[in-house]
Amino acid sequence: MVTTPLITLVDTHAHLDADEFGTDRDEVITRAHDAGVTSIITVGTSVESGQRSIELAEQYPGILASIGIHPHAASTTTEADIDSIARLAGHPRVVAIGEIGLDFYRDYSPRDSQLQVLQWQLEMAVRLDLPVAIHCRQAHEEMLAILHDWTTRYPERHSPGVIHCFMGDIETARGYLEMGFYLSLGGYITYPVNRNAHDVMRFIPADRLMVETDCPFLTPQLYRGQRNEPSYVRYTAEELAEIRGVPLETLARETTKNARRLFGFEEES
Ligand SMILES: [Zn+2]
């Protein structure tokens with residue numbers, strides 16, 4: 001008889017409040033648990049989506065919330081919205097501020113408002129003593145400078161946060177790692193176009209690596225074109241274990257330990 005090794009994974013970045021899960025959210029969460037994904041961080045992108053994320057975290061064991069305002073929404077964000085996020089973040093199921101960051105690829109919001117909203121939320125994270133979940137697209141140079149300044153001003157913070165869906169070269173990875181950040185990788189690592197990034201995937205130290213889906217987006221190659229969901233984080237973990245030349249059990253154990261350390265939670269069932 002063949003037995004599948006029992007592994008535990010954490011999907012460190014999912015958008016379970018998305019409309020795409022409106023009709024079968026229960027099944028999606030059950031499938032995740034069956035696949036060994038015992039914990040999911042569901043990530044808000046606005047005040048409303050943060051509220052929904054907290055409701056999901058209250059409703060389902062193993063689900064925790066990260067809340068923040070996405071750079072895409074920066075142009076319509078006021079300081080009152082930041083205060084709302086700060087109030088919501090007092091909820092015991094909130095484990096991080098995010099996703100927050102810079103997106104100079106889509107540029108849906110002017111860059112100066114993206115920078116302002118990011119700065120407000122970085123300061124808030126310090127006040128609330130929560131790690132941050134950073135979104136960064138085509139803005140690593142600016143982001144490294146901002147986070148360097150931030151971590152220098154608050155040197156007592158041991159785990160400043162995570163760079164979600166990290167895609168960058170070894171130099172960029174080193175910059176974030178030196179500041180104490182974790183790097184989280186998603187389903188895009190299974191895309192043939194990203195074969196040339198395997199050196200970066202091997203470079204990240206085992207004690208700073210995490211896995212995520214960013215679902216419903218970025219579906220792994222096997223199901224590309226369909227909706228992504230937390231159970232598929234397993235395909236990313238399998239691919240990553242192979243690239244790094246370690247058993248899946250090892251990769252699962254390490255990434256799960258890192259997620260629990262950064263977000264400060266225990267396993268729930
Ligand atoms: Zn996301």
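The structure presented is a predicted model; accordingly, all values stated were derived computationally and were not measured. When a ligand or atom number is given, it counts from 1 through the structure's own listing order.
Computed with the Zn ion (ligand 1) at the centre, the His13 NE2 to Glu99 OE2 angle is 90°, stated to 10 degrees.
No side-chain donor from either of Glu171 and His140 sits under 3.5 Å from a side-chain acceptor of the other.
Checked by atom type and distance alone, the side chain of Asn228 pairs as donor or acceptor with a backbone atom of Leu218 at under 3.5 Å. In this structure, Gln114 contributes its side chain and Asp103 its backbone to a donor-acceptor pair below 3.5 Å.
Here His164 does not reach the Zn ion (ligand 1): none of its N/O/S atoms is less than 2.8 Å from the metal. Put simply, His15 gets within reach of the Zn ion (ligand 1), with an N, O or S atom under 2.8 Å from it.
The residues Arg153 and Asp149 are annotated as salt-bridged, a charged nitrogen and a carboxylate oxygen being separated by less than 4.0 angstrom.
For Asp214, the N, O or S atom closest to the Zn ion (ligand 1) goes by the atom name OD1.
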